[in-house]
Undergrad: 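First the structure, which I've put down as C-alpha cells, then a few questions once you've had a look.
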Number of protein chains: 2
Amino acid sequence: MLTYEEHDLLAQVAAMYYEQELTQNAIAAALGLSRVKIYRLLKQAREEGVIRFTIAWPLQREAELEQALRRAFGLREALVLRPGGSDVRYALARLGQLGARYLEQMLHDEMMLTVCLGRSTYEVIHAVQPGFADRVNVVQAVGSLALTSPELDSAALTRTLAGKLGGVAHYLVAPLVADSGADAEVLRSQRDIRRVLELARQADVALVGIGNLDPETSEFVRGGYLTADELAGIRRAGGVGDMAGQIFTLNGQADNSGFNRRVVGLNLTELADVDTVMAVALGQEKRDAVVGALRTGVIDVLCSDAATVQAVLESR
Amino acid sequence: MLTYEEHDLLAQVAAMYYEQELTQNAIAAALGLSRVKIYRLLKQAREEGVIRFTIAWPLQREAELEQALRRAFGLREALVLRPGGSDVRYALARLGQLGARYLEQMLHDEMMLTVCLGRSTYEVIHAVQPGFADRVNVVQAVGSLALTSPELDSAALTRTLAGKLGGVAHYLVAPLVADSGADAEVLRSQRDIRRVLELARQADVALVGIGNLDPETSEFVRGGYLTADELAGIRRAGGVGDMAGQIFTLNGQADNSGFNRRVVGLNLTELADVDTVMAVALGQEKRDAVVGALRTGVIDVLCSDAATVQAVLESR
DNA sequence: ACATCAATTGTGAAATTGCACATAATATAG
DNA sequence: CTATATTATGTGCAATTTCACAATTGATGT
C-alpha cells in the first residue's frame with residue numbers, strides 16, 4: 001500500500017510525463033531526482049493504477065438489430081455493438097464499455113447489484129467508472145470457482161465492483177458447484193450463505209454472462225465438477241448453455257440432469273425475479289446458448305455485438 | 001471529426017500501446033502498417049482524446065479543518081484538501097479533482113448547472129468525468145471576458161461541461177462587464193440574455209471561483225474594464241474579492257461603487273437563491289477574498305486546501 | 001564490529017520513439 | 001491535361017526510454 005506522500009509523488013511524476021509531456025530527464029531535473037528514478041516511478045504509477053489509460057472506443061450501436069432482437073424475444077432493452085475492425089480481444093473490451101455505460105445509467109445511491117462470473121462480466125465491471133452514485137452495494141450471486149483466471153471469479157468481481165462504486169461487498173463463501181444436490185442444499189442452508197442469497201434475490205440489477213457448454217473450454221470440466229462424459233450427456237439431453245452456473249436447453253428450459261441443483265447461487269427462477277437482469281455475451285459460437293438464454297425469460301437487457309445477434313436472429 | 005473506422009483504429013492502436021504495452025514496431029507488424037504511421041496514430045489518439053490519461057491524485061481531506069470551517073461560516077459542506085508536496089500547479093489540479101468528485105455525486109438526470117469563469121472552475125470542470133447522469137444542462141451564469149487564457153472564459157467552460165455531461169449548453173452572449181450600469185441594464189433586457197439569466201437563476205448547482213482584486217493580475221484591469229486607479233478606489237472602499245464578477249467587502253457586503261451593476265450575470269442575491277453554490281478557491285493570498293465570500297452567505301459548499309483554510313480561520 | 005541479505009540507486013548500452021526532411025499520392029484550379 | 005497545392009507516407013538519425021547489471025546503502029543477526 002502506498003503512503004500519502006508516495007502516492008502524491010507518483011501522481012505528480014505521472015502528470016508531468018503523461019499530461020504535460022515532459023521528458024523523464026526534464027522531470028528528473030525539476031524534482032532533483034535521477035532519470036532512472038523517474039522511469040521507475042512511472043512504472044510504479046502504472047502498476048499501482050495511479051495513472052490509468054482510458055480508451056474511448058467508438059460505441060455505435062445497431063438500432064435495427066436492437067429492435068429486431070427486442071421484438072423477437074420480448075426484451076426490455078437490447079444493446080448491439082456495431083462491429084469494429086479490431087480483433088476479438090478488443091471486441092470484448094468494447095462490449096464491456098457499452099455494457100458499463102448502460103449499467104452506469106441505472107445506478108443510483110443505495111442500490112444493490114449482484115454479479116456472477118466470467119470474462120464478459122469482468123469486462124463490464126472493469127469498464128465501469130466510479131464516482132457519481134454512492135454506496136452501491138454488490139452481492140455475489142453464485143459461489144466461487146477456481147478458474148484458470150482467478151480475477152474472473154464471482155468473488156473477485158464482487159470485490160472489484162463494490163470497490164469502484166464505494167459500496168459494501170457481500171461474499172457468498174461457498175464453492176460454485178457442490179458434490180451433490182444434497183450437499184448444495186446443506187451449503188445453501190448455512191446462515192451466512194442464506195443471508196447473502198437472500199440479499200442477492202433482492203438486488204435491483206443482476207449482471208450475468210452466458211456460457212456455452214463447450215467441452216474444450218468448460219471450466220466445469222476443467223475444474224473437475226463434471227466429467228467430459230457427464231457434460232456430453234447433458235448436451236445430448238439438450239443443454240446448450242448456462243447463466244450463473246444454471247444450465248438450460250435451446251428452448252429455455254432448465255436442465256434436469258441434477259447439475260443445476262448442485263450449484264450454490266441464484267437459480268433461474270430467482271434470477272428472473274430480479275428487477276433488471278443484464279446479460280452480456282459475445283461470439284457466434286455462443287449462438288445456441290444465447291438463444292436458449294433469451295428463451296428462459298430471465299433476461300431483461302442483452303448486450304452483444306452485431307455478428308452474434310445476427311446469428312441468433314437467423315438461427316430461428 | 002473522426003469517422004467510425006478512424007476512431008476504431010485509433011482506439012485499437014492506443015489500446016495496444018498503452019494497455020498491452022506493445023512497441024510501436026510490434027503494433028505496426030500486427031496491423032500491417034509502418035511504424036511512423038503508428039506513431040502518428042498514437043499522436044492523433046492523444047490529441048483527439050481517444051486515449052485519456054487519468055491521474056488518481058491522493059485526495060485525502062482534513063476533517064477537523066472542514067468541521068471548523070463549516071461551523072465558523074455556517075456552510076453546508078466544506079472540502080479541505082490535505083496538502084501534497086507538489087507545486088501549486090498540481091495543487092489546483094488536485095483541488096479540481098476533489099471538487100469534481102463532489103459535484104459528480106450531486107448530478108442527476110435533467111439537472112441544470114450554471115458556471116462562471118476562472119482557473120479553479122476550469123480545473124473542476126476538467127476533472128469531471130462524463131458518464132452516469134444524462135442530459136445535465138449547463139447555463140453560462142455570467143457574460144464573456146477576453147481572458148489571457150481563453151479556455152478559462154465562462155462560455156468555454158459552459159461548452160466543455162455541457163459536452164462532457166451530454167447536455168445542452170446555454171450561452172450568455174454578452175460581455176461580462178458593460179461600459180456603464182445603464183448599458184448593462186440594456187444588455188440584460190435583451191430577450192436572449194434575459195432568457196439565459198432566467199435559466200441560470202433556476203439552476204440546481206452553481207459553480208463559482210473566488211477572485212481577489214490583485215491589481216497586478218486583475219483581468220478587469222488587464223481587459224480595460226477598470227483602470228488601476230478605479231480598482232485602487234474600490235479596494236480603499238473595502239472591496240476584497242469577487243465571485244461571478246460581483247465585488248464584495250471583507251464583511252460580505254456587495255461593493256457599491258457601481259461596478260457590480262455593470263456586470264452582466266447573476267448578482268449575489270440571485271446567486272444566493274441557487275440551491276447549491278459551490279465555490280472553489282486556493283491560495284493564501286486569497287485569504288481576505290475567501291473570508292468576504294463566505295460572509296456574503298452565498299456559498300453552500302467551499303472547496304479549498306488546508307493552507308488557505310487555515311489562513312482563513314486564523315484571520316478572524 | 002562484521003558478515004549477510006534485501007532494497008535502493010546509478011551506469012551504460014540496446015531498444016524504442018520522436019521528428020525533420022524527402023518523396024509519393026491525391027486533390028484542385030486553370 | 002497540366003500545374004500547383006495539399007495531404008499522406010517513408011527514411012534516417014537524434015533523442016529518449018528501457019533494462020540488465022553493478023554499486024551502494026541500510027537493516028539485521030551473530
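Letters A, B, ... are given to chains in the order of the sequence lines, protein chains preceding strands, and every chain is numbered from 1.
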Undergrad: To the nearest Å, give me how far apart CG (N25(A)) and P (dT17(C)) are.
TA: 18 Å

Undergrad: Compare side-chain N and O positions of S34(A) against OP1 and OP2 of dG10(C) and report whether any pair is under 4.0 Å apart.
TA: yes

Undergrad: Return yes if some donor-acceptor pair links the side-chain N/O of K164(A) with the main-chain N/O of V128(A) below 3.5 Å, else return no.
TA: yes

Undergrad: Specify the closest pair of heavy atoms between L95(A) and D305(A), including all atoms of both residues, with the distance to one decimal.
TA: CD1-N, 4.2 Å

Undergrad: Between the main-chain N or O of L31(A) and the side-chain N or O of Q12(A), is there a donor-acceptor pair closer than 3.5 Å?
TA: no

Undergrad: Give the nucleotide from the list dT16(D), dC19(D), dC19(C) with an atom nearest to the side chain of Y39(B).
TA: dC19(C)

Undergrad: Rounded to whole Å, how long is the line connecting atom CD of Q44(B) with atom P of dT17(C)?
TA: 18 Å

Undergrad: Looking only at side-chain atoms of Q24(A), point me to the closest of dA20(C), dC19(C), dT17(D).
TA: dT17(D)

Undergrad: Let's see if you can work this out: which of dC19(C), dT11(C), dG12(C) has an atom nearest to the side-chain heavy atoms of V36(A)?
TA: dT11(C)

Undergrad: Is a donor-acceptor contact shorter than 3.5 angstrom present between the side chain of R40(A) and the base of dG10(C)?
TA: yes

Undergrad: Whole angstrom is fine here: how far is it from CD in E21(B) over to C1' in dA15(C)?
TA: 15 Å

Undergrad: Counting the benzene-type ring for Trp, do F53(A) and Y17(B) have ring centres under 6.0 Å apart?
TA: no

Undergrad: Tell me: CD of E6(A) to P of dT8(C), nearest whole Å?
TA: 9 Å

Undergrad: Between atom NZ in K37(A) and atom P in dT24(D), what is the gap in whole Å?
TA: 18 Å

Undergrad: Of the nucleotides dG12(D), dT9(C), dC19(D), which one has an atom closest to the side chain of R35(B)?
TA: dG12(D)

Undergrad: Tell me: CG of L33(A) to P of dT8(C), nearest whole Å?
TA: 15 Å

Undergrad: Starting from C1' on dA8(D), measure out to NZ on K43(B) and report it in whole angstrom.
TA: 14 Å

Undergrad: Within the distance-only criterion (no hydrogens, no angle test), does the side chain of S154(B) pair as donor or acceptor with the backbone N or O of V142(B) below 3.5 angstrom?
TA: yes

Undergrad: Between atom CG in L22(A) and atom C1' in dG18(C), what is the gap in whole Å?
TA: 15 Å

